[in-house]
Amino acid sequence: MREENQSSILGFILLGITDQQQQEDIFFILFLFIYPSTLIGNLLIILAIHSDIRLHNPMYFFLANLSFVDILFSSVTVPKMLANHLLGSKAISFEGCLTQMYFMIALANTDSYILAVMAYDLAVAISRPLHYTTIISPRSCVLLVVVSWVIANANALPHTLLTSSLSFCGNQEVANFYCDTSFLLKLSCSDIHFNVKIMYLGISVFCVPLICIITSYIRVFSVVLCVPSTKGILKAFSTCGSHLTVVSLYYGTVIGMYFRPLTRYSLKDAVITVMYTAVTPMLNPFIYSLRNRDMKAALGKLLGKRISS
Ligand SMILES: *[C@@H]1O[C@H](CO)[C@@H](O)[C@H](O)[C@H]1NC(C)=O
């Protein structure tokens with residue numbers, strides 16, 4: 001009896017994105033294209049930014065950081081999904097499950113804090129151009145990035161520790177293709193009241209960057225609307241466009257994720273999950289590079305150099 005109890009916490013079953021094999025195959029093929037594109041696209045952004053001296057400014061360094069987080073974020077879930085599909089397995093170990101959970105929370109948080117830092121950077125550039133270099137100094141850039149990582153990991157740790165202490169009495173089927181706090185809480189047979197409270201606290205911490213982003217944009221728009229349009233402001237606006245697209249994609253899918261039912265499958269929920277875990281991280285570099293002339297030039301130079309050498 002005791003042995004059975006212990007063996008039940010050895011692992012979980014990841015049921016997948018949908019409950020239909022045919023749809024699952026289609027998503028597998030999609031991931032097979034999306035994942036390498038995410039890696040290559042984001043890696044190119046990082047290389048282009050670091051190799052072009054004209055892009056050595058805070059905005060692009062933050063963008064490179066965003067690309068770095070996106071690479072890690074999609075690597076937490078997608079390779080495991082691809083491997084399981086190829087091996088015809090649905091299993092994940094208990095430790096594997098908690099590791100996924102930890103990094104999903106930490107990286108999703110880092111992503112949102114870096115988006116907030118980018119919005120702040122934009123707001124300072126537009127509303128206080130004369131003081132920009134003193135406010136956003138190289139030192140404060142590093143500080144902002146480090147603080148983002150620290151807050152994000154400090155947010156992920158309690159969830160993971162609390163979830164690791166729960167018992168799972170034989171119910172191991174996660175109705176998703178990766179481990180996520182809410183799905184695991186649903187499966188536990190322990191008292192989860194405290195865990196749920198901490199989860200909501202975590203979600204509210206998650207809203208802090210969104211508030212920063214909204215405040216920054218209110219500032220940006222109030223300045224832009226008061227000052228007659230100049231070349232600089234037009235340029236800033238094209239940057240705003242890319243950033244706003246990424247922010248809406250990101251928070252749109254986050255909201256979609258939190259409102260999805262945890263047990264029932266529908267194609268809509270599946271699409272939102274796929275958007276959140278794989279498509280958004282892939283799109284970020286494209287959104288930035290396609291709309292931005294400097295970025296396009298840097299990418300062209302980088303690729304040209306590689307091809308000619
Ligand atoms: C992240 O940002 C910091 C601070 O601007 C910068 O020094 C670092 O190179 C960036 N990281 C990446 C991967 O570009």
Side-chain angles (χ1 to χ4, degrees), residues 35-76 78-79 103-129 131-156 208-209 212-213 216 220 235-236 239-240 242-243 245-247 250 278 280-303 305-306:
Y35 184 59
S37 317
T38 309
L39 296 189
I40 295 168
N42 283 298
L43 208 62
L44 280 178
I45 293 278
I46 297 175
L47 288 177
I49 290 173
H50 282 270
S51 69
D52 192 333
I53 193 95
R54 280 175 309 169
L55 301 186
H56 285 191
N57 66 43
M59 187 187 103
Y60 289 107
F61 279 136
F62 296 141
L63 181 58
N65 276 272
L66 194 66
S67 283
F68 179 62
V69 176
D70 281 337
I71 289 178
L72 297 181
F73 184 75
S74 55
S75 300
V76 175
V78 181
F103 285 109
M104 279 306 269
I105 302 173
L107 294 168
N109 270 277
T110 312
D111 225 326
S112 62
Y113 277 96
I114 290 182
L115 286 175
V117 167
M118 291 172 89
Y120 172 68
D121 173 62
L122 212 61
V124 175
I126 289 183
S127 66
R128 307 186 61 189
H131 299 106
Y132 180 79
T133 43
T134 45
I135 300 173
I136 314 275
S137 65
R139 234 181 103 195
S140 54
C141 280
V142 174
L143 196 70
L144 285 168
V145 170
V146 170
V147 167
S148 302
W149 281 94
V150 169
I151 296 179
N153 282 279
N155 194 7
V208 173
C212 294
I213 291 170
S216 300
V220 168
K235 198 175 162 209
T239 318
C240 286
S242 308
H243 184 259
T245 314
V246 174
V247 167
Y250 180 79
T280 313
M282 178 190 70
L283 287 183
N284 285 355
F286 291 103
I287 292 170
Y288 269 96
S289 50
L290 290 182
R291 302 189 47 152
N292 186 308
R293 209 156 11 104
D294 293 340
M295 195 70 228
K296 260 195 252 178
L299 274 172
K301 227 170 59 188
L302 181 77
L303 292 173
K305 227 178 353 188
R306 288 292 128 92

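Counting starts at 1 for both ligands and their atoms, in listed order.
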Sorted by chain and residue number, the residues having a heavy atom closer than 4.0 Å to an atom of ligand 1 are His50, Phe61, Ala64, Asn65, Cys141, Val142, Val145
Ser137 and Ser140 side chains, donor-acceptor separation under 3.5 Å: yes
Should we say atom CZ of Phe68 is surrounded by more than 12 heavy atoms from elsewhere, each under 6.0 Å from it? no
Here the salt bridge (charged side-chain N to carboxylate O under 4.0 Å, His left out) pairs for residues 115-124, sequence neighbours left out, are none
Those residues at least two apart in sequence (or on a different chain) that pass ring-ring contact (aromatic ring centres under 6.0 Å, His included) with Phe103 are none
Across all chains, not counting sequence neighbours, the side chain to side chain contact (heavy atoms under 4.5 Å, CB included) partners of Val145 are Phe62, Asn65, Trp149
For Thr110 and Ala152, the nearest pair of non-hydrogen atoms, with its separation, is OG1-CB, 3.2 Å
